[in-house]
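In what follows, chains carry the letters A, B, and so on, assigned in the order in which the sequence lines appear, proteins first and then strands, with residues in each chain numbered from 1.
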There are 2 protein chains.
Amino acid sequence: MMFSKSFGYALRGILYLGMSDEAKPWIQLDEIAQELAVPRHFLGKVMKKLVKDGVLNSQKGPYGGFCINENTLKTSLLKLMEITGEVEENGVCVLRLRKCNALNPCPMHHQIESLRRQWQALLASTFIGDLIRKDQPGFINSIAAI
Amino acid sequence: MMFSKSFGYALRGILYLGMSDEAKPWIQLDEIAQELAVPRHFLGKVMKKLVKDGVLNSQKGPYGGFCINENTLKTSLLKLMEITGEVEENGVCVLRLRKCNALNPCPMHHQIESLRRQWQALLASTFIGDLIRKDQPGFINSIAAI
DNA sequence: CATATAAAAGACAACATTGTCTTTTATTCG
DNA sequence: CGAATAAAAGACAATGTTGTCTTTTATATG
């Protein structure tokens, strides 16, 4: 019940862009990495993936950088996890037993089942847009704090 | 919301011992690894840790092997995770932000909080003994199935 | 005591994730 | 067009987890 570092970087990068002043159309990797205190080049790779998957836009050259687009706020956390490479573990047994199911449950099956459903539901129904709080003054601080 | 392989091996190894015929006091690594279809030497390392932490007993030499002891059934899954090296993530923010807390929550804080509490509670209050079903004929199958 | 047995221990390889550095490509602007 | 800028891409290192193999240690038995 923990996200990968890639996921965390991706989410925080996106939120940083989402919170940025719209007067400045493109935000550079340098600024994002510095503000979030995150390894620059690694973040670059993650951002690249997000661009490839259409979750963000990017622009090369002077005054270029990254910005959100029409998909960004509608992107679910589940989608984000897929992009950042979290394994697809929808029906997979927590103990990785292939034959585990309701009829032939592994010892953990019943204990875990409900929590996993809640977890999946949360990831699928929470969108980037839900996480942005433009009205909250400490918001940027809360994603920058490391 | 997934256990490490080490954890899975440990749990299944313990349960295998817990289900074994008590007429045979010690069970060898060879048998366990084969029955559970698990890498033998890697399992050996995991079992060694369990012995060191007093969750299992072991005996070298001919007719030696592993067996459960007075602690085994009373061991919680949380304890098992600690032994198998799952990081201690009790108060840690899911995004690994150090300054995240109820007063200065990260964007995921409220969404996750309740689920994490349930997860922690489940791990702390589920014991090895709770997972053994001596009455259930398919039980061994359910931990052997890979 | 000698031998066989089985865990314990240690060395090392495969693999994935994370992180750093350099080169390439695209774009803006003078 | 030429220079500067910034993302894209690629090479490679550090680290952690998982897996394999070999050697050492302890113990039971003849």
Toward the 5' end of DNA chain D, by each residue's nearest nucleotide, F66(A) or T84(B):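 Taking each residue's closest nucleotide, the earlier one in sequence belongs to F66(A).
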Position toward the 5' end of DNA chain D (nearest nucleotide), P39(B) or D30(A):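 The residue whose closest nucleotide sits nearer the 5' end is D30(A).
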Intermediate values then yes/no, side-chain contact (heavy atoms from CB on, under 4.5 Å), L122(A) and I112(B): CA-CA 8 Å; L122(A) 178 63; I112(B) 299 284; 4.0 Å; yes
With D30(A) via side-chain contact (heavy atoms from CB on, under 4.5 Å) - residues at least two apart: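 Applying side-chain contact (heavy atoms from CB on, under 4.5 Å) to D30(A) gives R40(A).
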Between atom [atom1] in [X] and atom [atom2] in [N], what is the gap in whole Å?
{"X": "I83(B)", "N": "dT17(D)", "atom1": "CD1", "atom2": "P", "value": "16 Å"}
{"X": "L29(B)", "N": "dA26(D)", "atom1": "CG", "atom2": "C1'", "value": "16 Å"}
{"X": "K24(A)", "N": "dA6(D)", "atom1": "NZ", "atom2": "C1'", "value": "13 Å"}
{"X": "R40(A)", "N": "dT5(D)", "atom1": "CZ", "atom2": "P", "value": "13 Å"}
{"X": "E86(A)", "N": "dA16(C)", "atom1": "CD", "atom2": "P", "value": "15 Å"}
{"X": "M47(B)", "N": "dA6(C)", "atom1": "CE", "atom2": "C1'", "value": "13 Å"}
{"X": "K5(B)", "N": "dA16(C)", "atom1": "NZ", "atom2": "C1'", "value": "11 Å"}
{"X": "N57(B)", "N": "dT27(D)", "atom1": "CG", "atom2": "C1'", "value": "16 Å"}

Check: dT20(D) base within 3.5 Å donor-acceptor of K45(B) side chain: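 Under the 3.5 Å cut-off, the side chain and the base do form a donor-acceptor pair.
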K48(B) vs dT25(D): side-chain N/O to OP1/OP2 distance below 4.0 Å: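 Checking dT25(D) against K48(B), no side-chain N or O comes under 4.0 Å of OP1 or OP2.
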Any S58(A) side-chain nitrogen or oxygen under 4.0 Å from OP1 or OP2 of dA8(D):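 For dA8(D), OP1 or OP2 has a side-chain N or O of S58(A) closer than 4.0 Å.
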Sugar-phosphate only, base, or nothing, as touched by Y9(A) at under 4.0 Å among non-hydrogen atoms: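 If one applies the 4.0 Å heavy-atom cut-off, Y9(A) turns out to touch the sugar-phosphate alone, with no base involved.
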Sugar-phosphate, base or nothing in reach of K49(A), heavy atoms under 4.0 Å: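 The residue K49(A) makes no contact with any strand.
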Options dG19(C), dA9(C), dG19(D), nucleotide nearest the side-chain atoms of F42(B):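 In terms of side-chain proximity for F42(B), the closest of dG19(C), dA9(C), dG19(D) is dG19(D).
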E31(A) atom CD, over 12 foreign heavy atoms within 6.0 Å: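 Enclosed.
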Whether T72(A) side chain and V55(A) backbone form a donor-acceptor pair below 3.5 Å: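 Here the side-chain-to-backbone pair exists.
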D130(A) (side chain) donor-acceptor with F127(A) (main chain) under 3.5 angstrom: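 A pair under 3.5 Å: yes.
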Per-nucleotide protein contact string for nucleotides 22-30 of chain C (B base, S sugar-phosphate only, - none; heavy atom under 4.0 Å): B--BBBBS-
Candidate pair F7(A) and V94(B), rule side-chain contact (heavy atoms from CB on, under 4.5 Å), full reasoning: CA-CA 10 Å; F7(A) 177 91; V94(B) 277; over 6 Å; no
Shared hydrophobic cluster, V38(B) / V51(B) (ILVMFWY, side-chain heavy atoms < 4.5 Å):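 Hydrophobic grouping puts V38(B) with V51(B).
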